[in-house]
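In what follows, a structure is listed as structure tokens, so that the remarks can point back to it.
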Amino acid sequence: MKVLSQNTAFGGMQGVFAHDSEACGGEMTFAVYVPPQAIAEPCPVVWYLSGLTCTHANVMEKGEYRRMASELGLIIVCPDTSPRGKDVPDELTNWQMGKGAGFYLDATQMPWSDHYQMHTYITEELPAFIAQHFRVDMSRQGIFGHSMGGHGAMTIALKHPDRFRSCSAFAPIVEPSTADWSIGAFEKYLGEDKAAWRQYDACALVKDGARFPEFLIDQGKTDNFLDGGLRPWLFEEAIKGTDIGLTLRLHERYDHSYYFISTFMDDHLKWHAERLA
Ligand SMILES: N[C@@H](CCC(=O)N[C@@H](CSC=O)C(=O)NCC(=O)O)C(=O)O
């Protein structure tokens, strides 16, 4: 593991690290906040998955999670959103495809499938690496994210309900198979057979029988992407008649930015801490 930076914050440590990823076929960077409680005992871990165009750094610099994570004793892991490096295919003029837009899936189509294995990276390779190098209690894991990362968090929780005890999202893409800003990426990563898309779509997963106890979703009402990309009401509809709980909070005057995310960050961390206690 390469240590790229380490800084003391709120009595804990904010670090940025890099390692070689087999799943992504190259070096991957991630950020980890370790609270002071980890000196005495292993702490629960909460995974934060970022949105389109992000690296590990956006939430680390603008998400304002450290004070509350320190208070609650949560380890926060913030991975990158796609493979990186000069050998990795990309679409330079399309921010919804390629680097920064891995959609937390395992691509099956060339040329993407060689590197774009983000589902395997986030659910298998990185957890094993974190468990080996940090003082984490892997029996207490939560997951949350923003936008494309909210989609990632919800689909991963639905696919791994035995691993995660808590899930929440800021402005998630709840039905990427039909959202105008993800259809193009799904076609290129997964091919045209839409049956293969369902395992990476929260609404479709629920309709196909996947279950998770409850979700917290915060959504800004003046978010530019609300109608074309996000549409949380579709998830509300999808869970009707199931035993899945949903706390959906719609906020007047909030947009899609990290000003919105940082405003409600404490609520999300408390949501996770209560379920990871
Ligand atoms: N470049 C785009 C806007 C991209 C954008 O808003 N990205 C969001 C996530 S969107 C969903 O996954 C984000 O988190 N950006 C990083 C940030 O620091 O705000 C455009 O020009 O419209």
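As a basis for the values below, the full set of heavy atoms in this structure was taken, side chains included, without hydrogen atoms, waters or symmetry mates. Read the numbers this way: they start at 1 and go in the same order the structure lists the ligands and their atoms.
- Each of the following atoms of ligand 1 lies closer than 4.0 Å to a heavy atom of Gly51: 9 (C), 12 (O).
- The same ILVMFWY cluster, assembled from side-chain heavy atoms under 4.5 Å apart, contains both Phe129 and Met118.
- When only non-hydrogen protein atoms are considered, atom 15 (N) of ligand 1 lies nearest to Thr53 OG1, 3.6 Å.
- Between Tyr48 and Tyr258, the ring planes are tilted. Angles from 30° to 60° get that label.
- Because its NZ or CZ atom is not both nearer than 6.0 Å to the ring centre of Phe164 and within 45° of the ring axis, Lys159 does not count as a cation-pi partner of that residue.
- Compare Ser182, Ser147, Gly63 by their heavy atoms: the one nearest to atom 11 (C) of ligand 1 is in Ser147.
- Among protein heavy atoms, atom 22 (O) of ligand 1 sits closest to Trp95 CZ2, 3.8 Å.
- Distance check for atom 7 (N) of ligand 1: a protein heavy atom is found below 4.0 Å.
- Salt bridge absent: Glu237 and Arg231 never bring a charged side-chain N and a carboxylate O closer than 4.0 Å.
- Below 4.0 Å from some heavy atom of Met148 lie the following atoms of ligand 1, by number and element: 11 (C), 12 (O).
- For ligand 1 and Trp181, the ligand atoms under 4.0 Å from any heavy atom of the residue are 11 (C).
- Between His146 and His256, the closest heavy-atom pair is NE2-O, 3.1 Å.
- Of the protein's heavy atoms, Cys54 SG, 3.3 Å lies nearest to atom 14 (O) of ligand 1.
- Nearest protein neighbour of atom 18 (O) of ligand 1, counting heavy atoms only, is Lys62 NZ, 2.6 Å.
- You'll find the side chain of Tyr121 stays beyond 4.5 Å of the side chain of Asp80, heavy atoms only.
- Interatomic distance, Leu74 CG to Cys43 SG, rounded to the nearest 0.5 Å: 8.0 Å.
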